[in-house]
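Some notes on the structure that comes next.
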Amino acid sequence: MTTVTPATSASPADLTALRDALGLLKDREQVAERLLDSSAKHSFDPDKELDWEAEPVEGKWYWPPELVSLYDTPLWKKMAEEQRMELARHEAAALASLGIWFEIILMQLLVRHVYDKPLTSKHVRYALTEIADECRHSMMFARMIERHGAPAYPVSRTNHNLGRVLKTVSTTPGSFACTLLGEEVLDWMQRLTFPDERIQPLVRGVTRIHVIEEARHVRYAREELRRQMVTAPRWEQELTRISCGEAARVFSVAFVNPKVYENVGLDRREAVAQVKASGHRREVMQTGAKRLTDFLDDIGVLRGVGRKLWQRSGLLA
């Protein structure tokens, strides 16, 4: 793991000279300007871009089977193909529901972040642009759930309330670390989904839009997290490591709602146990998180108690 040397304080004029393990930090306004240019060229209106009236295509999956939680487990091998596809439909709805929950949290964290920033800065303007993106994404996910006839899958009451706590007490670097946690694992899965011709056209269209627009969100969060981890006081860095690790644990548990198993006629307890024991599932989640965990390791987030929490989450080997 590369050592990061934090600065105890930095004036706005010094920010372009800050350095971490990945090199010099880019100027915040220049980063925002490029992201705003990209947003102007590559943003989508899902209501107009996607064919919401088209009927689902018979025989197409709603989620890649290799990404379904029970894939390659003993239970999966006993299931008929129709039941496997039905489970994929419900898991796609559960992931979309999780995405909406997460994006509502993210929008509130972004509003907190810019509350005391210069209102005319490009950095703030891009944050507001991202909030607009997330509003469209949340509505798009909700419409996809409804169109495909699956129920919405809210997170558990415990996780719902933990999200409320996070929105209230999160440090600024902690907010951006949690942002990346929610964005990058799903982004990896969606990059496998939208080119996959086995998948329903509407799902492919939704994931394509999300991947293109989320690439900007990831860039914004990564650049800001690097800056925050260099300039934040030591106590805030340590709290960020712990809160990020706890968020990884919660996220990994919330990633698949156990109600999906009941709704397709499976024994919930047996299904959950087999997912926990699945080497394939563990590999999927760790592979999906690897680009993020490598980045967090490089900039000094995965240390101490926080690293152990990430390991317990199953997202880090």
Side-chain angles (χ1 to χ4, degrees), residues 42-73 75-103 133-154 182-215 255-266 271 274-275 278 280-281 283-285 287-288:
H42 305 292
S43 291
F44 303 92
D45 180 349
D47 288 340
K48 298 177 181 178
E49 188 77 19
L50 301 173
D51 185 358
W52 294 100
E53 300 305 317
E55 293 296 324
V57 179
E58 187 175 352
K60 295 270 188 182
W61 292 78
Y62 290 81
W63 199 242
E66 298 83 5
L67 300 181
V68 176
S69 61
L70 280 170
Y71 182 81
D72 202 35
T73 62
L75 194 53
W76 177 267
K77 293 171 184 176
K78 294 178 183 177
M79 294 164 65
E81 189 76 351
E82 293 78 8
Q83 192 177 27
R84 293 173 179 175
M85 297 183 81
E86 184 69 357
L87 177 60
R89 183 170 73 95
H90 282 263
E91 288 202 8
L95 284 170
S97 302
L98 180 70
I100 295 169
W101 172 68
F102 176 76
E103 288 181 339
D133 289 345
E134 301 295 14
C135 284
R136 292 195 304 274
H137 293 171
S138 295
M139 291 185 288
M140 176 176 71
F141 288 160
R143 193 171 182 183
M144 183 184 73
I145 294 169
E146 186 177 38
R147 186 69 187 91
H148 283 159
Y153 284 94
E183 289 179 339
E184 295 211 31
V185 179
L186 282 170
D187 181 74
W188 176 80
M189 290 187 169
Q190 290 177 339
R191 286 177 184 273
L192 297 176
T193 302
F194 80 78
D196 192 335
E197 294 184 358
R198 298 174 299 172
I199 307 304
Q200 293 286 345
L202 182 59
V203 176
R204 294 178 67 189
V206 166
T207 53
R208 175 180 171 271
I209 288 173
H210 198 247
V211 163
I212 292 171
E213 297 190 341
E214 285 295 315
F255 205 79
V256 175
N257 192 314
K259 290 182 181 178
V260 299
Y261 306 125
E262 296 175 358
N263 286 346
V264 299
L266 297 173
Q274 290 198 18
V275 170
S278 170
H280 174 81
R281 184 62 176 177
E283 182 180 355
V284 164
M285 297 302 290
T287 302

Qualifying residue for side-chain hydrogen bond (donor to acceptor under 3.5 Å, both in side chains) with Y153, from H90, K259, E91: H90

Cationic N near anionic O, under 4.0 Å, R89 to E86: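 Yes.
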
Minimum side-chain heavy-atom gap [X]-[Y] below 4.5 Å:
{"X": "P46", "Y": "M144", "value": "no"}
{"X": "L202", "Y": "P56", "value": "no"}
{"X": "P65", "Y": "R84", "value": "no"}
{"X": "N263", "Y": "P151", "value": "yes"}
{"X": "L186", "Y": "E214", "value": "no"}
{"X": "L87", "Y": "L70", "value": "yes"}
{"X": "M189", "Y": "F255", "value": "yes"}
{"X": "H137", "Y": "E134", "value": "yes"}

Any donor-acceptor pair under 3.5 Å from [X] side chain to [Y] backbone:
{"X": "T287", "Y": "V284", "value": "no"}
{"X": "R281", "Y": "L67", "value": "yes"}
{"X": "R198", "Y": "T193", "value": "no"}
{"X": "Q200", "Y": "Y62", "value": "no"}
{"X": "S278", "Y": "Q274", "value": "no"}
{"X": "D187", "Y": "A215", "value": "no"}
{"X": "E66", "Y": "Y71", "value": "no"}
{"X": "E213", "Y": "F44", "value": "yes"}

CD (E262) with more than 12 external heavy atoms under 6.0 Å: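 Correct, the count exceeds 12.
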
Over 12 non-hydrogen atoms of neighbours within 6.0 angstrom of CD in E197: no

Side-chain donor-acceptor contact under 3.5 Å, H280 with E283: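 Checked: H280/E283 side chains show no N/O donor-acceptor pair below 3.5 Å.
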
R143/V206 under side chain to side chain contact (heavy atoms under 4.5 Å, CB included): CA gap, chis, key distance, verdict: CA-CA 10 Å; R143 193 171 182 183; V206 166; over 6 Å; no

Proximity of F141 and H210 rings by center, below 6.0 Å: yes

Shortest non-hydrogen contact from Q190 toward P195: O-CD, 4.5 Å

